[in-house]
Amino acid sequence: MDVMGDKATLFESGRFVQPSGEEPTREELSEMGDAAEEVRLGLAAQSGDTEAASVLGALLLRRGDLDGAEPHLRAATAAGDRAAANNLGVLLHQRGYPEEAAGWWRVAAVAGSAAAAHALGRYHRERGDEPAAEYWLRQSAEQGHVLGAYALADLLEHRGDVGAEHWMRAAAERGHREAAYRLARALDRRAGREEGSAADNAVAEAEQWYRQAAARGHRRAALHLGAILEKRGELKEAGRWYLTSAKDGEPRAACALGFLLRDAGDTESAAVWWLRAAQEGDGNAANALGALHAERGETQTAERWYRAALDAGDDNGAYNLGLLCAEQGRTAQAEQWYRRAAYAGHREAANALAILLLQGGDATGAEPWFSKAAEAGSVDAAFNLGILYAGRGEEATALRWYERAAAAGHTEAALQVGIARLREGEEQEAERHLRCAAGGGSAEAAYRLAALLDARRPPEPAHELGEIVHEKTECEEWYERAATQGHRRAQVRVGMLAAARGDVVEAARWYRAAAEAGSRNGAFNLGLLLAREGSEPEAAVWWTRAANAGHGRAALRLALVYARRGELAEGQRWADRAVELGPAEVAERAGRLRDALREELSA
């Protein structure tokens, strides 16, 4: 086909509309399409098309043109269109005529409109007519209306009806995100009441519903999902959900994200999220900011954030203010803040207040606060009560509190229970508690456990050629654990065991560690080791240190050293010291040596 001129000639001819230079946007095209559709529907409605009138009324209603929508909806409703009756109800409700709206909703609901039944049910519930509300919401829900199912579930849950979960689940399965979230919360509560596989199944299902709701933009579901993943150790995914929730405006998620970042070493980013959460009223985030500034030495800023936490209703703010004041030596202010938090039920504040009162000499005032904190579950307070009663000589009462704290995992309390059971001869119970305390890091417990096991140890088996076989036993392992934690008696004992194996270097290392930490037995044994290795002058140095600390055998060794050197007066002086220090057999030998030296000096 021949082309009548080129493109430029056709434009210039004026036969085409000149372009504006821009293509119409997708939104503009949509608006053009809507306008055309509206014109078409208007013409059809004028010609008596009921469906067109109903659709046009709904279109204008969605746009907010109530005046334009009402005549079309009334016309379609008069012709028996139930969708129009429902929408007319919506329009009238928006105009402030709820009773008239309910009348049209009833018409539509009786005609089978699930949406109208839902609206009518909501209307009756708002007016307190729960039986009518349940009837219409159930009609809506049974027709598969998702909002009807959710509203029915909400009503039944409010009444404590067991059928609530069924409808909440139905709404969740149809994609209602709030229903999915609330179903997950209900499953979480059920998991807390049940045990074993039933609890595990409830937790797993709850996670799936949290995930569904979070994926649909539910910020609290994203927060809970993040918490579940964090607890499970899946920190990267937890952080993603916390971030999603925080960006949607959930301050608790911003706070949790801050803690996650802090634990990863990124305190600057953590502070950004804590600030965001604190500015939205999250007291926990304000406390975290306060602690961050306190660590940096910025006490005024820390105090400001602690006060902000308190203003947000977080009693930890008062407790932290007490800690801050106590660190600065402002005892009166610390007591004031501790007392405020303690009266609000903060158990650690009650414990801190009791300690403050005890340090001030007010044991009578401290005791009830220790008791209050302990009864509220403070493990430290239970242990402190044990110390308080032990100081009064009330051992039985002290032991009860120690046992309570030990049962909650308090290491030092377990040690005290172990010591008490040892005194009573209950070795099995003592061993159990000492193992708990030693496993918790108590050097004293590790030493006492080792000593207990050591006392039970049979003699070393003899090798077939007559040599002693030295194998490291459990008690030696506990001695070594205590020794590495700086326990002096354990260090001496490990040195002795090493010496028995013939490991002189290892023995000397442990003896020296104990001696330098102030152990007179360590100093004495190190001296013996050095003397056997031919270093008597250095040995004498360590024996002097031990003797000056009250070690009788070390004093006797020094007396012998000086006697051999011919320094009789010095020898006699150390012999006198050995007699004073004892024990009996040492005092007897030292007495004979002293007498001999005296005779030698007087000859």
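Below, each value reflects all heavy atoms present in this structure, side chains not excepted, and no hydrogens, waters or symmetry copies.
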Participant: Describe, in one word, how the ring planes of Phe383 and Tyr402 are oriented to each other, choosing from parallel (under 30°), tilted (30 to 60°) and perpendicular (over 60°).
Facilitator: tilted

Participant: For the CD atom of Glu429 and the CG atom of Leu434, what is their distance to the nearest 0.5 Å?
Facilitator: 10.5 Å

Participant: What's the separation between atom CZ in Arg493 and atom CH2 in Trp510, rounded to the nearest 0.5 Å?
Facilitator: 14.5 Å

Participant: May I have the step-by-step check of side chain to side chain contact (heavy atoms under 4.5 Å, CB included) for Trp209 and Glu173, ending in yes or no?
Facilitator: CA-CA 9 Å; Trp209 288 115; Glu173 287 171 348; 3.7 Å; yes

Participant: Could you work out, with side chain to side chain donor-acceptor pair (under 3.5 Å) as the rule, every residue matching His118, not counting sequence neighbours?
Facilitator: none

Participant: Enumerate, atom names and distances included, each donor-acceptor pair closer than 3.5 Å involving a side-chain atom of residues 317-328, sequence neighbours excluded.
Facilitator:
| unit_1 | atom_1 | unit_2 | atom_2 | d |
| --- | --- | --- | --- | --- |
| Asn320 | ND2 | Asn287 | OD1 | 2.9 |
| Asn320 | ND2 | Asn316 | O | 3.2 |
| Gln328 | OE1 | Arg330 | NH1 | 2.3 |

Participant: Gln333 and Trp337: side-chain donor and acceptor closer than 3.5 Å?
Facilitator: no

Participant: The criterion is side chain to side chain donor-acceptor pair (under 3.5 Å); which residues satisfy it with Gln279, sequence neighbours excluded?
Facilitator: none

Participant: Please set out all donor-acceptor pairs under 3.5 angstrom arising from side-chain atoms of residues 350-366, sequence neighbours excluded.
Facilitator:
| unit_1 | atom_1 | unit_2 | atom_2 | d |
| --- | --- | --- | --- | --- |
| Asn351 | OD1 | Asn384 | ND2 | 2.9 |
| Asp362 | OD1 | Gly365 | N | 2.8 |

Participant: Report the residue from Arg177, Glu250, Glu178 that forms a side chain to side chain donor-acceptor pair (under 3.5 Å) with His218.
Facilitator: Glu178

Participant: Could you tell me whether Trp401 and Phe370 have their ring centroids closer than 6.0 angstrom?
Facilitator: no

Participant: So with a 6.0 Å cut-off around CZ of Arg340, is the heavy-atom count from everything else above 12?
Facilitator: no

Participant: Side-chain contact test, heavy atoms from C-beta onward, threshold under 4.5 Å: evaluate it for Leu310 versus Asp314 and give yes or no.
Facilitator: no

Participant: Assert yes or no for the condition that the ring centre distance of Trp369 to Tyr343 is strictly below 6.0 Å.
Facilitator: yes

Participant: Should the heavy atoms of other residues, nucleotides or ligands under 6.0 Å from CD of Glu195 be counted, would the total exceed 12?
Facilitator: no

Participant: For residues 388-396, which side-chain donor-acceptor pairs fall under 3.5 Å, sequence neighbours excluded?
Facilitator:
| unit_1 | atom_1 | unit_2 | atom_2 | d |
| --- | --- | --- | --- | --- |
| Tyr389 | OH | Glu367 | OE2 | 2.7 |
| Arg392 | NH1 | Glu367 | OE1 | 3.0 |
| Arg392 | NH2 | Glu367 | OE1 | 2.8 |

Participant: For the atom pair CZ (Arg448) and CG (Leu453), what is the distance rounded to the nearest 0.5 Å?
Facilitator: 14.0 Å

Participant: How would you list all residue pairs meeting salt bridge (charged side-chain N to carboxylate O under 4.0 Å, His left out) that involve residues 116-129, not counting sequence neighbours?
Facilitator: Arg125-Asp154

Participant: Could you measure the distance from the CD atom of Glu157 to the CD atom of Glu165? Nearest 0.5 Å is fine.
Facilitator: 9.5 Å

Participant: Can the ring centres of Trp241 and His224 be said to be less than 6.0 Å apart?
Facilitator: no

